[in-house]
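As structure tokens, the structure follows; a few thoughts come after it.
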Amino acid sequence: KIMTDTIGETTLRMERLIAAPPERVFDFWTNPGLLATWWGPDTFDVPEYALDVRPGGAWRTTMRSPDGGLHTVSGVYRSIEPPRLLVFTWGWDDEQGRRGDETVVTVAFEAAPGGTRLTLTQEGFASRPQCENHQQGWSSSFLCLTRALS
């Protein structure tokens, strides 16, 4: 269920109500096998992933689009407070494997009537169009997460 989305010049904030307890939703963000079941926009799959879920640990996922295109994103975990908070950096690799601009993603998991209030904030975008693109991607991913949890 969509609650609110706020798109700024450099910051994206999204809030969703997920029909599962915070511990279970948090697990789907931090358990590699579970993350691979929903990560990425609808119709994408995740053929490669590695998560070292600890402060300072690196993570990397490769998403495959329906046309076979590969999209790799990676970062480092900054803060992990099960089952309440996850903070990590985010940067896309280009075709040559170089990492692009880095943003910071903060995901809060709060018990709420009906499940978990998930609040995602992604900060440090270079432009509003990048915020908008990520809003579309996360919206689709959240639908996949809801499906995976049901």
Side-chain angles (χ1 to χ4, degrees), residues 2 5-20 22-109 115-116 118-150:
I2 293 178
D5 287 355
T6 307
I7 302 169
E9 287 301 313
T10 62
T11 302
L12 170 64
R13 184 175 183 281
M14 302 175 72
E15 199 174 290
R16 298 290 186 274
L17 182 62
I18 308 284
E23 295 79 9
R24 187 158 151 74
V25 180
F26 188 89
D27 206 27
F28 269 73
W29 282 79
T30 56
N31 177 311
L34 294 176
L35 181 118
T37 65
W38 69 271
W39 190 251
D42 199 18
T43 72
F44 281 56
D45 70 339
V46 183
E48 295 175 37
Y49 52 90
L51 310 180
D52 182 5
V53 185
R54 61 182 174 84
W59 68 274
R60 180 182 190 84
T61 62
T62 299
M63 296 169 268
R64 181 172 41 214
S65 62
D67 67 6
L70 298 177
H71 309 274
T72 298
V73 63
S74 63
V76 172
Y77 292 102
R78 289 193 174 168
S79 182
I80 300 162
E81 298 174 25
R84 301 182 322 99
L85 184 71
L86 198 54
V87 181
F88 53 91
T89 60
W90 175 286
W92 291 101
D93 288 357
D94 67 15
E95 291 76 23
Q96 289 74 41
R98 289 186 306 252
R99 203 151 178 277
D101 293 335
E102 188 171 85
T103 58
V104 176
V105 178
T106 301
V107 188
F109 307 82
T116 301
L118 184 148
T119 305
L120 179 141
T121 306
Q122 190 167 5
E123 302 173 88
F125 288 106
S127 68
R128 185 179 176 94
Q130 285 184 352
C131 272
E132 292 168 352
N133 287 342
H134 279 79
Q135 188 270 340
Q136 292 172 12
W138 283 119
S139 289
S140 185
S141 294
F142 291 160
L143 293 174
C144 296
L145 173 61
T146 300
R147 240 190 341 257
L149 280 159
S150 62

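All values derive from a computational prediction rather than experimental measurement.
- Between C131 and E9 there is no side-chain heavy-atom pair separated by less than 4.5 Å.
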Derivation of the side chain to side chain contact (heavy atoms under 4.5 Å, CB included) call for L86 and S79: CA-CA 6 Å; L86 198 54; S79 182; over 6 Å; no
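- Here F28 and W38 keep their ring centres 6.0 angstrom or further from each other.
- Residues V73 and M63 are in side-chain contact: their nearest non-hydrogen atoms beyond the backbone lie under 4.5 Å apart.
- No side-chain heavy atom of R13 sits under 4.5 Å from any side-chain heavy atom of D5.
- For the pair W39/F44, no side-chain contact is recorded, criterion being any heavy-atom separation below 4.5 Å from C-beta on.
- Listed by first and then second residue, the side-chain hydrogen bond (donor to acceptor under 3.5 Å, both in side chains) pairs involving residues 40-56 are D42-R147, D45-R64, D52-R54 (not counting sequence neighbours).
- By the 30° and 60° cut-offs, the orientation of the rings of F125 relative to H134 is tilted.
- For the pair T89 (side chain) and V76 (backbone), a donor-acceptor distance under 3.5 Å is present.
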Under the criterion side chain to side chain contact (heavy atoms under 4.5 Å, CB included), I'd like the reasoning laid out for T30 against L35: C-alpha separation, chi angles, the key distance, then a yes or no. CA-CA 7 Å; T30 56; L35 181 118; over 6 Å; no
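- Counting heavy atoms from C-beta on, the side chains of R16 and S139 come closer than 4.5 Å.
- The main-chain N or O of G8 is never found under 3.5 Å from a side-chain atom of T11 such that the two would form a donor-acceptor pair.
- No side-chain heavy atom of T62 sits less than 4.5 Å from a side-chain heavy atom of H71.
- Classified by interplanar angle (parallel below 30°, tilted 30° to 60°, perpendicular above 60°), the ring pair F88/W90 is tilted.
- In this structure the side chain of W138 never reaches within 4.5 angstrom of the side chain of L145, judged on heavy atoms.
- The aromatic rings of Y77 and W59 lie tilted to each other, with the angle between the two planes from 30° to 60°.
- Atom CD1 of residue I7 and atom CZ of residue R128 lie 6.0 Å apart, to the nearest 0.5 angstrom.
- In summary, of the residues considered (L51, V53, T61), a side-chain contact (heavy atoms from CB on, under 4.5 Å) with P32 occurs for L51 alone.
- Residues passing the side chain to side chain contact (heavy atoms under 4.5 Å, CB included) test with A19, sequence neighbours excluded: none.
- Using a 4.0 Å cut-off between a side-chain N of Lys or Arg and a carboxylate O of Asp or Glu, D94 and R99 do not qualify as a salt bridge.
- To the nearest 0.5 Å, atoms CD (Q135) and OG1 (T6) are separated by 10.0 Å.
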Apply side chain to side chain contact (heavy atoms under 4.5 Å, CB included) to V107 and T121, showing your working. CA-CA 7 Å; V107 188; T121 306; over 6 Å; no
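- To the nearest 0.5 angstrom, I18 atom CD1 is 9.5 Å from F109 atom CZ.
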Step-by-step side chain to side chain contact (heavy atoms under 4.5 Å, CB included) determination, T103 to Q130: CA-CA 11 Å; T103 58; Q130 285 184 352; 5.7 Å; no
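- In this structure the side chain of R78 never reaches within 4.5 angstrom of the side chain of T106, judged on heavy atoms.
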